[in-house]
Amino acid sequence: MELYKENQLKIYNSLSKSKEVFKPVTEGRVGMYVCGPTVYSNVHLGNLRTFMSFDMVFRYLLHLGYKVRYVRNITDAGHLESDAEEGEDKIAKKARLEEIEPMEVVQRYTVDFHTITAKYNFLPPSIEPTATGHIVEQIEMIKEIMDKGLAYEVNGSVYFDVLKYNEEGNNYGILSGRNVEDAIHNTRALDGQSEKKNPQDFALWKKADERHIMRWPSPWGEGFPGWHLECSVMSSKYLGEQIDIHGGGMDLKFPHHECEIAQSHACSGVQPVNYWMHANMLLLNSQKMSKSTGNSILPGEILTGENKVLSKAFGAGVVRFFIMQANYRSILDFSNDGLLASEKGYNRLMEAVSLLDAIQTGGSSSFDVAKWKQECYDAMNDDFNTPIAIAKLFDAVKFINQLKDNKATITESDLTLLKETMNAFVFDILGLVNDAKDEGSNKLDGTVELLIKLRKEARENKDWALSDKIRDELAELGIQLKDGREGTTFTVN
RNA sequence: GACAAGGUGGCUGAAUGGUUUAAGGCGACAGACUGCAACUCUGUUUUUUGUGAGUUCGAAUCUCAUCCUUGUCUCCA
């Protein structure tokens with residue numbers, strides 16, 4: 001029997017602002033859409049956290065036995081600059097600065113994005129559609145919205161008529177809690193000579209001026225699609241009119257997701273998303289990340305240590321563990337101290353998992369493995385509460401260490417259950433990787449074993465100066481010797 | 001200004017009315033181990049939940065006020 005039948009998953013729905021029992025449209029299948037990266041620069045660390053949260057959601061749904069179609073788009077059409085660079089496309093701007101083709105920029109940062117997500121052990125989505133690959137569908141959707149009378153053309157651009165949409169009994173603002181009247185007051189002063197009917201209307205299609213490189217023909221002339229349209233188009237194309245889960249960063253709630261709801265609802269007449277999930281933001285050293293103040297770091301720079309923010313390089317598994325120790329809906333403070341603490345905890349967890357293969361079984365168990373297992377699932381079923389799940393894993397770590405010291409006992413069947421559950425949660429669900437695993441080569445092993453042997457001889461001769469020299473200099477190289485009852489072992493840090 | 005998400009121990013970070021005299025990780029302290037350490041293990045430790053009122057038999061959890069942080073305010077993940 002599939003695990004989802006015995007686990008009642010609850011998800012916090014941003015739309016209702018409450019935890020709801022998860023019930024997919026089609027039993028046993030889940031359609032999930034997550035707003036993907038804009039590929040005109042390296043993926044932002046905060047963005048990576050969002051994607052990592054949904055990678056965990058994807059993993060847990062798969063673990064529960066759902067057939068999941070996970071769609072995460074690539075925004076490669078670029079968007080307008082919000083500052084004085086009027087009418088210029090972000091990707092086109094970058095391309096001009098670097099004197100290369102726009103699609104070259106797209107390609108470079110798409111590859112970078114895939115490289116980074118692979119390093120952080122993300123599962124690839126089921127479909128990764130691009131905005132530029134769906135221009136035809138986007139034009140079709142605009143036509144459909146115009147046919148319903150909810151969009152209008154001005155000078156080669158098409159805008160969504162928000163006021164009319166609301167007059168027909170809809171609620172633009174249903175997700176973000178904003179009301180349309182306030183929006184008028186807040187934007188009127190800034191938006192004097194707009195060609196829009198109302199300031200809160202948003203663009204579905206934008207006319208391209210001469211300088212705009214990325215452009216496509218349309219019934220309204222040459223132009224490019226509005227930012228919000230691609231997600232409506234691609235989610236309905238691959239997941240249908242009503243999808244189960246739509247995810248993204250908190251910052252996308254308004255206007256992006258609000259506009260998505262309006263566009264999709266205008267076409268289909270139904271609420272397009274059953275469960276809206278929003279991952280919270282990330283701070284760096286208790287402050288917002290900003291390139292201009294230097295308070296920023298790229299995901300790749302964490303792994304190499306080439307940055308001014310952290311004292312050393314950290315493995316992808318450590319970073320992932322650190323992020324999973326916080327709830328996806330909480331603001332997370334990324335810091336050197338936080339990572340150092342997580343690294344220790346992470347190492348303890350991994351050591352315990354490694355120990356599982358060498359455990360002796362007995363006639364009884366001094367730990368209720370079945371109950372513990374259920375508690376792990378209960379944590380995940382409660383809106384993917386990974387911090388609690390990890391706390392539970394450390395209950396098992398303590399037990400495993402007691403087993404190693406023969407201070408606890410376990411039966412054969414309980415050990416099998418313990419191993420299965422630990423591996424499922426640590427590797428399949430949390431997606432952690434054992435950073436240290438593949439670092440030691442045979443040559444290194446042999447060399448260190450030789451030094452351990454020399455040190456052992458020195459110690460037998462009470463030559464503490466020599467034995468300490470070997471120990472300390474190896475430590476400086478990142479090789480830590482561990483003197484145990486049955487001899488000396490080592491780990492590579 | 002409006003809307004949204006938050007403010008919990010030395011740090012990180014759970015718990016949304018009573019089984020929590022606030023989980024787990026890190027740190028600190030003590031013991032075991034060690035030639036001494038480190039590692040590891042075992043045990044102990046700290047806060048009364050931004051501030052001020054209120055509701056309740058009972059509040060971190062609900063209400064009100066106030067301060068602070070972060071995000072967003074229409075083409076910026």
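Per chain, numbering begins at 1; letters A, B, ... match sequence-line order.
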Looking only at side chains, do Asp383(A) and Tyr328(A) share a donor and an acceptor under 3.5 Å apart?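 On atom types as modelled, these side chains qualify, holding a pair under 3.5 Å.
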
Distance from Leu332(A) atom CG to Leu282(A) atom CG, nearest 0.5 Å?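 Interatomic distance, Leu332(A) CG to Leu282(A) CG, rounded to 0.5 Å: 5.0 Å.
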
Separation between CG (Leu418(A)) and CG (Leu403(A)), nearest 0.5 Å, reads 7.5 Å

Can a side chain N or O of [X] be found less than 4.0 Å away from OP1 or OP2 on [N]?
{"X": "Asn280(A)", "N": "A4(B)", "result": "no"}
{"X": "Lys344(A)", "N": "G24(B)", "result": "no"}
{"X": "Arg459(A)", "N": "U34(B)", "result": "no"}
{"X": "Lys392(A)", "N": "A23(B)", "result": "no"}
{"X": "Ser330(A)", "N": "A14(B)", "result": "yes"}
{"X": "Trp205(A)", "N": "C75(B)", "result": "no"}

Rounded to the Å, how far apart are [X] [atom1] and [N] [atom2]?
{"X": "Glu260(A)", "N": "A77(B)", "atom1": "CD", "atom2": "P", "answer": "13 Å"}
{"X": "Met250(A)", "N": "U70(B)", "atom1": "CE", "atom2": "P", "answer": "15 Å"}
{"X": "Arg348(A)", "N": "C39(B)", "atom1": "CZ", "atom2": "P", "answer": "12 Å"}
{"X": "Ile388(A)", "N": "A23(B)", "atom1": "CD1", "atom2": "P", "answer": "11 Å"}
{"X": "Phe399(A)", "N": "U42(B)", "atom1": "CZ", "atom2": "C1'", "answer": "16 Å"}

Integer angstrom distance from the [atom1] of [N] to that of [M]:
{"N": "U47(B)", "M": "A4(B)", "atom1": "C1'", "answer": "30 Å"}
{"N": "G50(B)", "M": "U12(B)", "atom1": "P", "answer": "14 Å"}
{"N": "U19(B)", "M": "A28(B)", "atom1": "C1'", "answer": "30 Å"}
{"N": "A30(B)", "M": "U49(B)", "atom1": "C1'", "answer": "29 Å"}
{"N": "G24(B)", "M": "G35(B)", "atom1": "P", "answer": "34 Å"}
{"N": "C36(B)", "M": "G31(B)", "atom1": "P", "answer": "13 Å"}
{"N": "C64(B)", "M": "A59(B)", "atom1": "C1'", "answer": "15 Å"}
{"N": "A2(B)", "M": "G18(B)", "atom1": "C1'", "answer": "38 Å"}

Residue pair Tyr159(A), Asn198(A): steps toward the side chain to side chain donor-acceptor pair (under 3.5 Å) verdict: CA-CA 10 Å; Tyr159(A) 296 96; Asn198(A) 297 293; over 6 Å; no

Sugar-phosphate only, base, or nothing, as touched by [X] at under 4.0 Å among non-hydrogen atoms:
{"X": "Lys17(A)", "answer": "sugar-phosphate"}
{"X": "Gly36(A)", "answer": "sugar-phosphate"}
{"X": "Asp251(A)", "answer": "base"}
{"X": "Asp405(A)", "answer": "sugar-phosphate"}
{"X": "Lys253(A)", "answer": "sugar-phosphate"}
{"X": "Phe202(A)", "answer": "base"}
{"X": "Arg471(A)", "answer": "base"}
{"X": "Gly338(A)", "answer": "nothing"}
{"X": "Leu481(A)", "answer": "base"}
{"X": "Tyr172(A)", "answer": "base"}
{"X": "Ala326(A)", "answer": "sugar-phosphate"}

Can you confirm if the NZ or CZ of Lys312(A) lies within 45° of the ring axis of Phe314(A) and under 6.0 Å from the centre of its six-membered ring? yes

Please assess Glu457(A) against Lys453(A) for the test salt bridge (charged side-chain N to carboxylate O under 4.0 Å, His left out), listing each intermediate value before the final yes or no. CA-CA 6 Å; Glu457(A) 287 169 14; Lys453(A) 198 173 147 199; 5.1 Å; no

Side chain of [X] only, please: which of [options] is the nearest?
{"X": "Tyr40(A)", "options": "A14(B), C75(B), A77(B)", "answer": "A77(B)"}
{"X": "Gln402(A)", "options": "A5(B), A77(B), U42(B)", "answer": "U42(B)"}
{"X": "Lys288(A)", "options": "A77(B), U74(B), G71(B)", "answer": "G71(B)"}
{"X": "Cys259(A)", "options": "A77(B), G24(B), U74(B)", "answer": "U74(B)"}
{"X": "Phe254(A)", "options": "C75(B), U40(B), U72(B)", "answer": "U72(B)"}
{"X": "Trp227(A)", "options": "G25(B), U12(B), C75(B)", "answer": "C75(B)"}
{"X": "Pro255(A)", "options": "U42(B), U74(B), A37(B)", "answer": "U74(B)"}
{"X": "Ala391(A)", "options": "A5(B), A14(B), A23(B)", "answer": "A23(B)"}

Ser53(A) and Met277(A): side-chain contact (heavy atoms from CB on, under 4.5 Å), yes or no, with the steps? CA-CA 10 Å; Ser53(A) 298; Met277(A) 294 180 70; over 6 Å; no

Of all the heavy-atom pairs spanning Arg348(A) and Val397(A), show the shortest one and how long it is. NH2-CG1, 4.0 Å

Might you point out which heavy atoms bring Val318(A) and Leu339(A) nearest each other, and give the distance in Å? CG1-O, 3.9 Å

Between Leu204(A) and Ser342(A), which has a closest nucleotide on RNA chain B that is more 5'? Ser342(A)

In terms of the nearest nucleotide of RNA chain B, which residue is placed more toward the 5' end: Pro37(A) or Lys19(A)? Lys19(A)

Donor-acceptor contact below 3.5 Å, side chain Glu20(A) vs main chain Ile11(A): no

Test for a donor-acceptor pair under 3.5 Å between the base of [N] and the side chain of [X], counting only N and O atoms.
{"X": "Asp468(A)", "N": "G35(B)", "value": "yes"}
{"X": "Arg178(A)", "N": "A4(B)", "value": "no"}
{"X": "Asp483(A)", "N": "A37(B)", "value": "yes"}

Can you label the angle between the Trp227(A) ring and the His256(A) ring as parallel, tilted or perpendicular, going by 30° and 60°?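 Parallel: the ring planes of Trp227(A) and His256(A) meet at under 30°.
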
So is the aromatic ring of Trp464(A) stacked onto the base of G35(B), judging by whether the centres are under 5.5 Å apart and the planes are under 30° apart?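 Yes, Trp464(A) stacks on the base of G35(B).
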
Both distances under 3.5 Å, Watson-Crick or G-U wobble: on that basis, could you give the dot-bracket string for RNA chain B, with [ ] for crossing pairs and | for other-strand partners? (((((((..(((.....[.....)))((((((.......))))))....(((((..]....))))))))))))....

Using the ring centroid of each side chain, check whether Phe322(A) and Phe334(A) are separated by less than 6.0 Å.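 Yes, close enough.
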
